[in-house]
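Every chain is numbered from 1 and lettered A, B, ... according to where its sequence line falls, protein lines coming before strand lines.
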Number of protein chains: 2
Amino acid sequence: MTTEGRGLHTRVLDTLGLAITAGEYPQGSVVRTDEVAQRFDVSRTVVREVVRVLESMHLVESRRRVGVTVRPTEEWNVYDPRVIRWRLAGSDRPRQLRSLTVLRSAVEPVAAGLAARHATPDQCAALTEQALGMVATSRGRRLEEYLVHDIAFHRVVLNASGNEMFARLGDVVAEVLTGRTHHQVMFDDPDPAAVTLHVQVAEAVREGDAVRAEELTREIAVGALEELDVLAP
Amino acid sequence: MTTEGRGLHTRVLDTLGLAITAGEYPQGSVVRTDEVAQRFDVSRTVVREVVRVLESMHLVESRRRVGVTVRPTEEWNVYDPRVIRWRLAGSDRPRQLRSLTVLRSAVEPVAAGLAARHATPDQCAALTEQALGMVATSRGRRLEEYLVHDIAFHRVVLNASGNEMFARLGDVVAEVLTGRTHHQVMFDDPDPAAVTLHVQVAEAVREGDAVRAEELTREIAVGALEELDVLAP
DNA sequence: TCGAAGATTAAGTACGACGTTTACATCACA
DNA sequence: TGTGATGTAAACGTCGTACTTAATCTTCGA
(Lines give C-alpha, C1' and ligand atoms only; values in the text may rest on other atoms or scores of the structure.)
Protein backbone atom coordinates (compact mmCIF):
# COMPACT_ATOMS: atom_id res chain seq x y z
CA MET A 1 0.00 0.00 0.00
CA THR A 2 1.84 3.07 -1.18
CA THR A 3 0.52 6.20 0.35
CA GLU A 4 2.19 8.81 -1.78
CA GLY A 5 1.09 11.95 -3.47
CA ARG A 6 -1.76 13.16 -1.29
CA GLY A 7 -0.10 15.74 0.86
CA LEU A 8 2.26 15.30 3.74
CA HIS A 9 -0.50 15.09 6.30
CA THR A 10 -2.24 12.13 4.67
CA ARG A 11 1.00 10.29 4.12
CA VAL A 12 2.11 10.53 7.74
CA LEU A 13 -1.38 9.83 9.06
CA ASP A 14 -1.81 6.69 6.98
CA THR A 15 1.60 5.34 7.84
CA LEU A 16 1.24 5.97 11.55
CA GLY A 17 -2.36 4.79 11.70
CA LEU A 18 -1.50 1.62 9.88
CA ALA A 19 1.45 0.97 12.16
CA ILE A 20 -0.54 1.55 15.33
CA THR A 21 -3.53 -0.55 14.32
CA ALA A 22 -1.17 -3.27 13.18
CA GLY A 23 0.18 -3.41 16.69
CA GLU A 24 3.67 -2.18 15.86
CA TYR A 25 3.33 0.21 18.76
CA PRO A 26 2.00 -1.88 21.64
CA GLN A 27 -0.58 -0.44 23.96
CA GLY A 28 0.95 2.14 26.25
CA SER A 29 4.04 2.73 24.19
CA VAL A 30 5.15 6.27 23.70
CA VAL A 31 6.26 8.24 20.69
CA ARG A 32 7.39 11.83 20.68
CA THR A 33 6.29 14.35 18.12
CA ASP A 34 9.83 15.49 17.45
CA GLU A 35 10.94 11.97 16.69
CA VAL A 36 8.10 11.46 14.26
CA ALA A 37 8.79 14.77 12.59
CA GLN A 38 12.38 13.76 12.09
CA ARG A 39 11.55 10.26 10.92
CA PHE A 40 9.17 11.48 8.21
CA ASP A 41 11.19 14.59 7.47
CA VAL A 42 8.25 16.91 8.02
CA SER A 43 7.69 19.81 10.37
CA ARG A 44 6.26 19.43 13.82
CA THR A 45 3.17 21.29 12.59
CA VAL A 46 2.24 18.41 10.33
CA VAL A 47 2.91 15.83 13.01
CA ARG A 48 0.80 17.73 15.51
CA GLU A 49 -2.17 17.75 13.14
CA VAL A 50 -1.74 14.04 12.55
CA VAL A 51 -1.61 13.37 16.26
CA ARG A 52 -4.75 15.41 16.77
CA VAL A 53 -6.59 13.23 14.25
CA LEU A 54 -5.27 9.99 15.76
CA GLU A 55 -6.35 11.38 19.10
CA SER A 56 -9.86 12.03 17.77
CA MET A 57 -9.98 8.38 16.74
CA HIS A 58 -9.00 7.45 20.29
CA LEU A 59 -6.01 5.58 18.96
CA VAL A 60 -3.59 7.67 21.01
CA GLU A 61 -3.56 10.07 23.89
CA SER A 62 -1.29 13.07 24.07
CA ARG A 63 -0.08 14.20 27.46
CA ARG A 64 2.37 16.85 28.46
CA ARG A 65 5.76 15.84 29.66
CA VAL A 66 4.98 12.27 28.61
CA GLY A 67 4.42 12.14 24.90
CA VAL A 68 1.89 10.47 22.66
CA THR A 69 0.82 7.15 24.14
CA VAL A 70 -1.04 4.41 22.32
CA ARG A 71 -4.40 3.62 23.88
CA PRO A 72 -5.69 0.08 24.47
CA THR A 73 -7.60 -1.48 21.60
CA GLU A 74 -10.89 -1.43 23.46
CA GLU A 75 -10.92 2.35 23.35
CA TRP A 76 -10.38 2.79 19.63
CA ASN A 77 -13.16 4.24 17.50
CA VAL A 78 -13.54 1.05 15.54
CA TYR A 79 -16.41 2.46 13.51
CA ASP A 80 -14.21 5.05 11.89
CA PRO A 81 -13.95 4.00 8.24
CA ARG A 82 -10.26 4.75 8.21
CA VAL A 83 -9.60 2.63 11.27
CA ILE A 84 -11.57 -0.19 9.67
CA ARG A 85 -9.54 0.04 6.51
CA TRP A 86 -6.26 0.10 8.41
CA ARG A 87 -7.20 -2.92 10.42
CA LEU A 88 -8.44 -4.83 7.41
CA ALA A 89 -5.14 -4.12 5.73
CA GLY A 90 -3.20 -5.25 8.77
CA SER A 91 -2.46 -8.53 10.40
CA ASP A 92 -5.66 -9.32 12.24
CA ARG A 93 -7.87 -9.11 9.21
CA PRO A 94 -9.52 -12.48 9.95
CA ARG A 95 -10.73 -11.45 13.37
CA GLN A 96 -11.79 -8.10 12.04
CA LEU A 97 -13.73 -9.64 9.18
CA ARG A 98 -15.53 -11.86 11.63
CA SER A 99 -16.51 -8.99 13.93
CA LEU A 100 -17.82 -6.99 11.03
CA THR A 101 -19.70 -9.91 9.54
CA VAL A 102 -21.43 -10.54 12.86
CA LEU A 103 -22.36 -6.88 12.91
CA ARG A 104 -23.78 -7.22 9.42
CA SER A 105 -25.76 -10.28 10.46
CA ALA A 106 -27.43 -8.19 13.14
CA VAL A 107 -28.05 -5.05 11.16
CA GLU A 108 -28.84 -6.05 7.59
CA PRO A 109 -31.89 -8.21 8.26
CA VAL A 110 -33.53 -5.41 10.21
CA ALA A 111 -32.52 -2.93 7.52
CA ALA A 112 -34.05 -5.16 4.84
CA GLY A 113 -37.29 -5.35 6.79
CA LEU A 114 -37.42 -1.57 7.00
CA ALA A 115 -36.50 -1.28 3.33
CA ALA A 116 -39.50 -3.41 2.41
CA ARG A 117 -41.66 -0.77 4.02
CA HIS A 118 -39.92 2.39 2.97
CA ALA A 119 -38.20 1.70 -0.34
CA THR A 120 -39.07 4.06 -3.18
CA PRO A 121 -39.85 2.69 -6.64
CA ASP A 122 -36.42 3.87 -7.75
CA GLN A 123 -34.76 1.92 -4.99
CA CYS A 124 -36.79 -1.17 -5.78
CA ALA A 125 -35.71 -0.92 -9.39
CA ALA A 126 -32.08 -0.46 -8.41
CA LEU A 127 -32.31 -3.47 -6.13
CA THR A 128 -33.70 -5.70 -8.87
CA GLU A 129 -31.13 -4.42 -11.30
CA GLN A 130 -28.25 -5.24 -8.98
CA ALA A 131 -29.69 -8.66 -8.15
CA LEU A 132 -29.92 -9.46 -11.84
CA GLY A 133 -26.41 -8.22 -12.27
CA MET A 134 -25.30 -10.64 -9.59
CA VAL A 135 -27.03 -13.47 -11.40
CA ALA A 136 -25.42 -12.52 -14.69
CA THR A 137 -21.92 -12.47 -13.22
CA SER A 138 -22.25 -15.42 -10.88
CA ARG A 139 -20.59 -17.87 -13.24
CA GLY A 140 -17.39 -17.87 -15.16
CA ARG A 141 -14.97 -16.42 -12.66
CA ARG A 142 -16.25 -12.90 -12.89
CA LEU A 143 -15.78 -12.23 -9.19
CA GLU A 144 -14.77 -8.62 -9.69
CA GLU A 145 -17.91 -7.71 -11.54
CA TYR A 146 -20.00 -9.73 -9.14
CA LEU A 147 -18.47 -7.81 -6.25
CA VAL A 148 -19.56 -4.48 -7.70
CA HIS A 149 -23.18 -5.61 -7.90
CA ASP A 150 -23.03 -7.22 -4.48
CA ILE A 151 -21.80 -4.02 -2.87
CA ALA A 152 -24.34 -1.90 -4.71
CA PHE A 153 -27.13 -4.26 -3.68
CA HIS A 154 -26.39 -4.07 0.00
CA ARG A 155 -25.84 -0.34 -0.18
CA VAL A 156 -29.29 0.17 -1.66
CA VAL A 157 -30.88 -1.97 1.04
CA LEU A 158 -29.16 -0.03 3.79
CA ASN A 159 -30.09 3.30 2.24
CA ALA A 160 -33.67 2.22 1.57
CA SER A 161 -34.10 1.35 5.24
CA GLY A 162 -34.49 5.06 5.82
CA ASN A 163 -32.33 4.81 8.91
CA GLU A 164 -29.28 7.01 8.91
CA MET A 165 -27.20 4.75 11.13
CA PHE A 166 -27.84 1.81 8.85
CA ALA A 167 -27.17 3.80 5.73
CA ARG A 168 -23.75 4.80 7.01
CA LEU A 169 -22.76 1.17 7.33
CA GLY A 170 -22.70 0.92 3.55
CA ASP A 171 -19.00 1.67 3.52
CA VAL A 172 -18.34 -0.95 6.15
CA VAL A 173 -20.20 -3.59 4.17
CA ALA A 174 -18.30 -2.56 1.06
CA GLU A 175 -15.01 -3.01 2.87
CA VAL A 176 -16.05 -6.41 4.19
CA LEU A 177 -17.20 -7.70 0.83
CA THR A 178 -14.10 -6.37 -0.86
CA GLY A 179 -11.85 -7.87 1.76
CA ARG A 180 -13.61 -11.20 1.47
CA THR A 181 -13.24 -11.29 -2.28
CA HIS A 182 -9.68 -10.10 -2.48
CA HIS A 183 -7.96 -11.49 0.53
CA GLN A 184 -9.58 -14.80 1.19
CA VAL A 185 -9.29 -17.88 -0.87
CA MET A 186 -12.80 -17.48 -2.10
CA PHE A 187 -14.45 -20.09 -4.24
CA ASP A 188 -14.13 -19.60 -7.95
CA ASP A 189 -17.78 -18.66 -8.19
CA PRO A 190 -20.11 -17.31 -5.51
CA ASP A 191 -22.50 -19.63 -3.74
CA PRO A 192 -25.52 -20.11 -6.04
CA ALA A 193 -27.84 -20.25 -3.04
CA ALA A 194 -26.69 -16.79 -1.96
CA VAL A 195 -27.35 -15.41 -5.41
CA THR A 196 -30.88 -16.76 -5.38
CA LEU A 197 -31.45 -15.29 -1.93
CA HIS A 198 -30.46 -11.85 -3.15
CA VAL A 199 -32.97 -12.08 -5.98
CA GLN A 200 -35.63 -13.11 -3.53
CA VAL A 201 -34.80 -10.25 -1.19
CA ALA A 202 -35.27 -7.84 -4.08
CA GLU A 203 -38.65 -9.44 -4.71
CA ALA A 204 -39.73 -9.27 -1.10
CA VAL A 205 -38.74 -5.62 -0.81
CA ARG A 206 -40.58 -4.79 -4.03
CA GLU A 207 -43.68 -6.51 -2.72
CA GLY A 208 -43.39 -4.80 0.65
CA ASP A 209 -43.07 -8.09 2.48
CA ALA A 210 -41.01 -6.97 5.44
CA VAL A 211 -41.01 -10.24 7.33
CA ARG A 212 -39.83 -12.21 4.32
CA ALA A 213 -37.18 -9.64 3.40
CA GLU A 214 -35.84 -9.80 6.92
CA GLU A 215 -35.83 -13.57 7.03
CA LEU A 216 -34.16 -13.96 3.64
CA THR A 217 -31.49 -11.44 4.55
CA ARG A 218 -30.88 -13.31 7.76
CA GLU A 219 -30.25 -16.41 5.67
CA ILE A 220 -27.73 -14.51 3.59
CA ALA A 221 -25.99 -13.41 6.76
CA VAL A 222 -25.90 -16.91 8.18
CA GLY A 223 -24.42 -18.12 4.93
CA ALA A 224 -21.73 -15.46 5.08
CA LEU A 225 -20.84 -16.45 8.63
CA GLU A 226 -20.63 -20.12 7.74
CA GLU A 227 -18.50 -19.34 4.75
CA LEU A 228 -16.17 -17.45 7.06
CA ASP A 229 -15.98 -20.47 9.35
CA VAL A 230 -14.96 -22.67 6.46
CA LEU A 231 -12.44 -20.35 4.87
CA ALA A 232 -10.93 -18.68 7.91
CA PRO A 233 -11.16 -21.04 10.87
CA MET B 1 -23.37 24.12 27.50
CA THR B 2 -20.24 25.95 28.51
CA THR B 3 -17.14 24.43 27.02
CA GLU B 4 -14.50 26.18 29.05
CA GLY B 5 -11.33 25.14 30.70
CA ARG B 6 -10.17 22.23 28.62
CA GLY B 7 -7.64 23.81 26.37
CA LEU B 8 -8.18 26.03 23.40
CA HIS B 9 -8.37 23.17 20.95
CA THR B 10 -11.21 21.41 22.73
CA ARG B 11 -13.11 24.61 23.24
CA VAL B 12 -13.01 25.60 19.58
CA LEU B 13 -13.67 22.05 18.40
CA ASP B 14 -16.72 21.60 20.59
CA THR B 15 -18.19 24.94 19.70
CA LEU B 16 -17.68 24.49 15.97
CA GLY B 17 -18.76 20.86 15.96
CA LEU B 18 -21.90 21.68 17.86
CA ALA B 19 -22.70 24.54 15.52
CA ILE B 20 -22.16 22.48 12.39
CA THR B 21 -24.14 19.47 13.55
CA ALA B 22 -26.90 21.78 14.72
CA GLY B 23 -27.19 23.04 11.16
CA GLU B 24 -26.03 26.57 11.86
CA TYR B 25 -23.73 26.23 8.91
CA PRO B 26 -25.86 24.77 6.12
CA GLN B 27 -24.44 22.13 3.85
CA GLY B 28 -21.99 23.65 1.41
CA SER B 29 -21.41 26.82 3.35
CA VAL B 30 -17.90 28.04 3.72
CA VAL B 31 -15.89 29.25 6.66
CA ARG B 32 -12.36 30.52 6.54
CA THR B 33 -9.73 29.59 9.05
CA ASP B 34 -8.68 33.19 9.56
CA GLU B 35 -12.21 34.21 10.43
CA VAL B 36 -12.52 31.42 12.96
CA ALA B 37 -9.15 32.27 14.46
CA GLN B 38 -10.28 35.84 14.92
CA ARG B 39 -13.70 34.91 16.27
CA PHE B 40 -12.27 32.66 18.97
CA ASP B 41 -9.18 34.78 19.48
CA VAL B 42 -6.81 31.90 18.91
CA SER B 43 -3.97 31.33 16.49
CA ARG B 44 -4.43 29.82 13.06
CA THR B 45 -2.50 26.78 14.30
CA VAL B 46 -5.26 25.88 16.73
CA VAL B 47 -7.94 26.38 14.11
CA ARG B 48 -6.07 24.26 11.61
CA GLU B 49 -5.86 21.37 14.06
CA VAL B 50 -9.55 21.70 14.79
CA VAL B 51 -10.35 21.71 11.09
CA ARG B 52 -8.27 18.61 10.60
CA VAL B 53 -10.29 16.80 13.24
CA LEU B 54 -13.60 17.97 11.82
CA GLU B 55 -12.31 16.83 8.46
CA SER B 56 -11.50 13.39 9.86
CA MET B 57 -15.13 13.20 11.02
CA HIS B 58 -16.18 14.02 7.47
CA LEU B 59 -18.07 17.01 8.77
CA VAL B 60 -16.16 19.43 6.58
CA GLU B 61 -13.86 19.44 3.62
CA SER B 62 -10.94 21.79 3.30
CA ARG B 63 -9.85 22.97 -0.11
CA ARG B 64 -7.28 25.49 -1.16
CA ARG B 65 -8.44 28.81 -2.43
CA VAL B 66 -11.99 27.89 -1.38
CA GLY B 67 -12.09 27.47 2.36
CA VAL B 68 -13.59 24.94 4.69
CA THR B 69 -16.91 23.74 3.34
CA VAL B 70 -19.53 21.84 5.30
CA ARG B 71 -20.27 18.42 3.88
CA PRO B 72 -23.79 17.03 3.45
CA THR B 73 -25.20 15.17 6.43
CA GLU B 74 -25.11 11.83 4.65
CA GLU B 75 -21.33 11.90 4.64
CA TRP B 76 -20.79 12.56 8.33
CA ASN B 77 -19.18 9.88 10.48
CA VAL B 78 -22.30 9.49 12.57
CA TYR B 79 -20.74 6.70 14.63
CA ASP B 80 -18.15 9.02 16.08
CA PRO B 81 -19.11 9.35 19.76
CA ARG B 82 -18.46 13.06 19.68
CA VAL B 83 -20.70 13.57 16.67
CA ILE B 84 -23.39 11.57 18.41
CA ARG B 85 -23.12 13.69 21.51
CA TRP B 86 -23.22 16.93 19.52
CA ARG B 87 -26.29 15.85 17.63
CA LEU B 88 -28.06 14.65 20.74
CA ALA B 89 -27.38 18.01 22.30
CA GLY B 90 -28.65 19.84 19.24
CA SER B 91 -31.99 20.46 17.70
CA ASP B 92 -32.75 17.19 15.96
CA ARG B 93 -32.40 15.07 19.05
CA PRO B 94 -35.75 13.32 18.47
CA ARG B 95 -34.80 12.04 15.03
CA GLN B 96 -31.38 11.09 16.31
CA LEU B 97 -32.79 9.19 19.26
CA ARG B 98 -35.03 7.26 16.93
CA SER B 99 -32.20 6.30 14.57
CA LEU B 100 -30.08 5.12 17.46
CA THR B 101 -32.91 3.21 19.07
CA VAL B 102 -33.59 1.38 15.81
CA LEU B 103 -29.90 0.53 15.68
CA ARG B 104 -30.13 -0.80 19.21
CA SER B 105 -33.15 -2.88 18.30
CA ALA B 106 -31.09 -4.57 15.61
CA VAL B 107 -27.88 -5.04 17.54
CA GLU B 108 -28.76 -5.76 21.14
CA PRO B 109 -30.85 -8.90 20.61
CA VAL B 110 -28.06 -10.52 18.64
CA ALA B 111 -25.55 -9.36 21.23
CA ALA B 112 -27.66 -10.87 24.01
CA GLY B 113 -27.81 -14.18 22.15
CA LEU B 114 -24.03 -14.22 21.85
CA ALA B 115 -23.67 -13.20 25.47
CA ALA B 116 -25.70 -16.22 26.53
CA ARG B 117 -23.04 -18.36 24.90
CA HIS B 118 -19.90 -16.50 25.83
CA ALA B 119 -20.54 -14.69 29.11
CA THR B 120 -18.10 -15.42 31.91
CA PRO B 121 -19.36 -16.15 35.43
CA ASP B 122 -18.26 -12.66 36.41
CA GLN B 123 -20.31 -11.11 33.65
CA CYS B 124 -23.33 -13.22 34.60
CA ALA B 125 -23.01 -12.04 38.16
CA ALA B 126 -22.68 -8.42 37.08
CA LEU B 127 -25.74 -8.80 34.89
CA THR B 128 -27.85 -10.17 37.70
CA GLU B 129 -26.59 -7.50 40.04
CA GLN B 130 -27.54 -4.70 37.67
CA ALA B 131 -30.94 -6.26 36.97
CA LEU B 132 -31.64 -6.42 40.68
CA GLY B 133 -30.48 -2.85 40.99
CA MET B 134 -33.02 -1.88 38.35
CA VAL B 135 -35.75 -3.64 40.27
CA ALA B 136 -34.75 -1.93 43.47
CA THR B 137 -34.84 1.55 41.93
CA SER B 138 -37.83 1.06 39.68
CA ARG B 139 -40.26 2.72 42.05
CA GLY B 140 -40.30 5.96 43.91
CA ARG B 141 -39.00 8.39 41.28
CA ARG B 142 -35.43 7.19 41.46
CA LEU B 143 -34.87 7.56 37.73
CA GLU B 144 -31.28 8.69 38.10
CA GLU B 145 -30.25 5.63 40.04
CA TYR B 146 -32.27 3.41 37.72
CA LEU B 147 -30.46 4.91 34.75
CA VAL B 148 -27.07 3.95 36.15
CA HIS B 149 -28.09 0.31 36.47
CA ASP B 150 -29.79 0.32 33.08
CA ILE B 151 -26.66 1.60 31.36
CA ALA B 152 -24.43 -0.83 33.21
CA PHE B 153 -26.73 -3.72 32.33
CA HIS B 154 -26.66 -3.07 28.61
CA ARG B 155 -22.95 -2.42 28.68
CA VAL B 156 -22.32 -5.80 30.24
CA VAL B 157 -24.47 -7.53 27.64
CA LEU B 158 -22.64 -5.83 24.79
CA ASN B 159 -19.25 -6.63 26.28
CA ALA B 160 -20.20 -10.21 27.06
CA SER B 161 -21.16 -10.77 23.43
CA GLY B 162 -17.46 -11.05 22.76
CA ASN B 163 -17.84 -9.00 19.62
CA GLU B 164 -15.73 -5.89 19.48
CA MET B 165 -18.10 -3.93 17.26
CA PHE B 166 -20.97 -4.60 19.63
CA ALA B 167 -18.92 -3.77 22.69
CA ARG B 168 -18.04 -0.39 21.29
CA LEU B 169 -21.72 0.51 21.05
CA GLY B 170 -21.86 0.65 24.84
CA ASP B 171 -21.24 4.38 24.75
CA VAL B 172 -23.94 4.89 22.18
CA VAL B 173 -26.46 3.02 24.28
CA ALA B 174 -25.42 5.02 27.29
CA GLU B 175 -26.01 8.26 25.43
CA VAL B 176 -29.40 7.09 24.22
CA LEU B 177 -30.57 6.00 27.64
CA THR B 178 -29.28 9.17 29.22
CA GLY B 179 -30.91 11.31 26.57
CA ARG B 180 -34.17 9.47 27.00
CA THR B 181 -34.17 9.94 30.74
CA HIS B 182 -33.07 13.55 30.83
CA HIS B 183 -34.59 15.16 27.80
CA GLN B 184 -37.86 13.42 27.28
CA VAL B 185 -40.93 13.67 29.37
CA MET B 186 -40.37 10.23 30.71
CA PHE B 187 -42.87 8.57 32.96
CA ASP B 188 -42.28 9.00 36.65
CA ASP B 189 -41.26 5.38 36.96
CA PRO B 190 -39.91 3.00 34.31
CA ASP B 191 -42.23 0.49 32.66
CA PRO B 192 -42.55 -2.47 35.05
CA ALA B 193 -42.71 -4.87 32.12
CA ALA B 194 -39.32 -3.65 30.92
CA VAL B 195 -37.82 -4.18 34.36
CA THR B 196 -39.08 -7.74 34.43
CA LEU B 197 -37.68 -8.37 30.98
CA HIS B 198 -34.25 -7.26 32.08
CA VAL B 199 -34.32 -9.69 34.99
CA GLN B 200 -35.35 -12.45 32.62
CA VAL B 201 -32.57 -11.61 30.18
CA ALA B 202 -30.08 -11.94 33.02
CA GLU B 203 -31.58 -15.33 33.79
CA ALA B 204 -31.45 -16.51 30.20
CA VAL B 205 -27.84 -15.45 29.80
CA ARG B 206 -26.89 -17.16 33.03
CA GLU B 207 -28.56 -20.34 31.85
CA GLY B 208 -26.95 -20.10 28.45
CA ASP B 209 -30.29 -19.93 26.68
CA ALA B 210 -29.29 -17.91 23.62
CA VAL B 211 -32.63 -18.06 21.85
CA ARG B 212 -34.53 -16.85 24.87
CA ALA B 213 -32.01 -14.10 25.66
CA GLU B 214 -32.30 -12.84 22.09
CA GLU B 215 -36.08 -12.95 22.08
CA LEU B 216 -36.42 -11.20 25.42
CA THR B 217 -34.00 -8.49 24.40
CA ARG B 218 -35.99 -8.02 21.23
CA GLU B 219 -39.03 -7.40 23.39
CA ILE B 220 -37.14 -4.78 25.35
CA ALA B 221 -36.18 -3.09 22.10
CA VAL B 222 -39.72 -3.16 20.76
CA GLY B 223 -40.87 -1.62 24.01
CA ALA B 224 -38.31 1.15 23.72
CA LEU B 225 -39.40 1.92 20.18
CA GLU B 226 -43.05 2.04 21.15
CA GLU B 227 -42.26 4.28 24.07
CA LEU B 228 -40.50 6.58 21.63
CA ASP B 229 -43.57 6.64 19.42
CA VAL B 230 -45.72 7.66 22.34
CA LEU B 231 -43.45 10.29 23.81
CA ALA B 232 -41.88 11.77 20.68
CA PRO B 233 -44.26 11.36 17.77
C1' DT C 1 -17.00 34.77 -28.31
C1' DC C 2 -13.60 32.19 -26.46
C1' DG C 3 -9.34 30.72 -24.66
C1' DA C 4 -4.96 31.37 -22.49
C1' DA C 5 -1.88 33.85 -19.45
C1' DG C 6 -1.49 36.12 -15.30
C1' DA C 7 -3.21 37.95 -10.73
C1' DT C 8 -5.43 36.77 -6.50
C1' DT C 9 -6.74 34.21 -2.64
C1' DA C 10 -6.85 30.93 0.97
C1' DA C 11 -5.15 26.75 2.54
C1' DG C 12 -0.64 23.86 3.16
C1' DT C 13 3.90 23.75 5.09
C1' DA C 14 7.82 25.23 7.72
C1' DC C 15 10.38 27.29 11.47
C1' DG C 16 11.47 29.36 15.72
C1' DA C 17 10.12 31.15 20.09
C1' DC C 18 7.88 31.05 24.32
C1' DG C 19 4.27 29.22 27.65
C1' DT C 20 2.40 25.47 30.43
C1' DT C 21 1.98 21.33 32.59
C1' DT C 22 3.77 17.61 35.12
C1' DA C 23 6.70 13.43 35.96
C1' DC C 24 10.58 12.82 38.46
C1' DA C 25 14.45 13.69 41.31
C1' DT C 26 16.30 16.03 44.98
C1' DC C 27 16.51 17.84 49.50
C1' DA C 28 15.05 19.14 54.06
C1' DC C 29 12.87 17.92 58.12
C1' DA C 30 10.75 15.00 61.53
C1' DT D 1 14.58 6.13 57.60
C1' DG D 2 10.55 7.83 55.70
C1' DT D 3 7.74 11.44 54.04
C1' DG D 4 6.54 15.64 52.13
C1' DA D 5 7.82 20.05 49.90
C1' DT D 6 10.42 21.95 46.27
C1' DG D 7 12.88 22.49 41.99
C1' DT D 8 13.88 21.23 37.35
C1' DA D 9 13.60 19.74 32.92
C1' DA D 10 11.12 17.30 29.30
C1' DA D 11 7.37 17.21 26.29
C1' DC D 12 3.30 19.07 24.49
C1' DG D 13 0.49 23.67 23.72
C1' DT D 14 0.19 28.06 21.53
C1' DC D 15 1.69 31.72 18.75
C1' DG D 16 3.42 34.66 14.73
C1' DT D 17 5.49 34.93 10.51
C1' DA D 18 7.07 33.72 6.12
C1' DC D 19 6.84 31.09 2.20
C1' DT D 20 4.61 27.51 -1.11
C1' DT D 21 0.94 25.55 -3.66
C1' DA D 22 -3.18 25.24 -6.10
C1' DA D 23 -7.80 26.72 -7.39
C1' DT D 24 -10.44 30.50 -9.04
C1' DC D 25 -11.13 34.91 -11.16
C1' DT D 26 -9.71 38.52 -14.29
C1' DT D 27 -7.86 40.34 -18.06
C1' DC D 28 -6.36 40.57 -22.53
C1' DG D 29 -5.68 39.16 -27.05
C1' DA D 30 -6.92 36.30 -31.14
**Asked** Taking DNA chain C as the partner, which of residues 25-38 of chain A come within under 4.0 angstrom of it by heavy atom?
**Response**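 Nothing qualifies; none.
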**Item:** Single hit among Ile220(A), Leu114(A), Thr217(A) for side chain to side chain contact (heavy atoms under 4.5 Å, CB included) with Pro109(A)
**Value:**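 Of all the options given, the one that passes is Thr217(A).
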**Prompt:** Parallel, tilted or perpendicular: which fits the ring planes of Tyr79(B) and Tyr79(A), with parallel below 30° and perpendicular above 60°?
**Reply:**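 Parallel.
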**Message:** Can you tell me if Arg63(A) touches the phosphate of dA23(C), counting only side-chain N or O atoms and a distance under 4.0 Å to OP1 or OP2?
**Reply:**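 So the side-chain polar atoms of Arg63(A) do come within 4.0 Å of the phosphate oxygens OP1 or OP2 of dA23(C), strictly under.
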**Asked** Checking salt bridge (Lys or Arg N to Asp or Glu O under 4.0 Å) against Glu175(A), which of Arg82(A), Arg104(A), Arg85(A) comes through?
**Response**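 One option only clears the test, and that one is Arg85(A).
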**Item:** Atom-to-atom span, CZ of Phe40(A) to P of dT13(C) - whole angstrom
**Value:**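 It is 14 Å, rounded to the nearest whole Å.
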**Request:** Provide, to the nearest angstrom, the distance between the CG atom belonging to Leu13(A) and the C1' atom belonging to dG12(C).
**Result:**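 Checked: the CG to C1' distance equals 15 Å.
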**Complete:** Quick tally for nucleotides 14-22 of chain D: nucleotides whose base has a protein heavy atom under 4.0 Å get B, sugar-phosphate-only ones S, the rest -, giving BBB-B--BS
**Message:** Just to verify, what does Asp34(A) make a salt bridge (Lys or Arg N to Asp or Glu O under 4.0 Å) with, not counting sequence neighbours?
**Reply:**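 If we apply the salt bridge (Lys or Arg N to Asp or Glu O under 4.0 Å) test to Asp34(A), skipping adjacent residues, there are no hits.
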**Message:** One pair to check against ring-ring contact (aromatic ring centres under 6.0 Å, His included): His198(A) and His149(A). What are the steps and the verdict?
**Reply:** CA-CA 11 Å; His198(A) 280 80; His149(A) 292 296; over 10 Å; no
**Request:** Evaluate salt bridge (charged side-chain N to carboxylate O under 4.0 Å, His left out) for Glu55(A) paired with Arg48(A), printing each intermediate quantity in order.
**Result:** CA-CA 10 Å; Glu55(A) 208 173 7; Arg48(A) 286 190 48 57; over 6 Å; no
**Prompt:** Got a salt bridge between Asp14(A) and Arg11(A), using NZ or NE/NH1/NH2 to carboxylate O under 4.0 Å?
**Reply:**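 No.
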**Short N-O contact, Glu49(A) and Arg52(A), less than 4.0 angstrom** =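 Answer for the salt bridge query: no.
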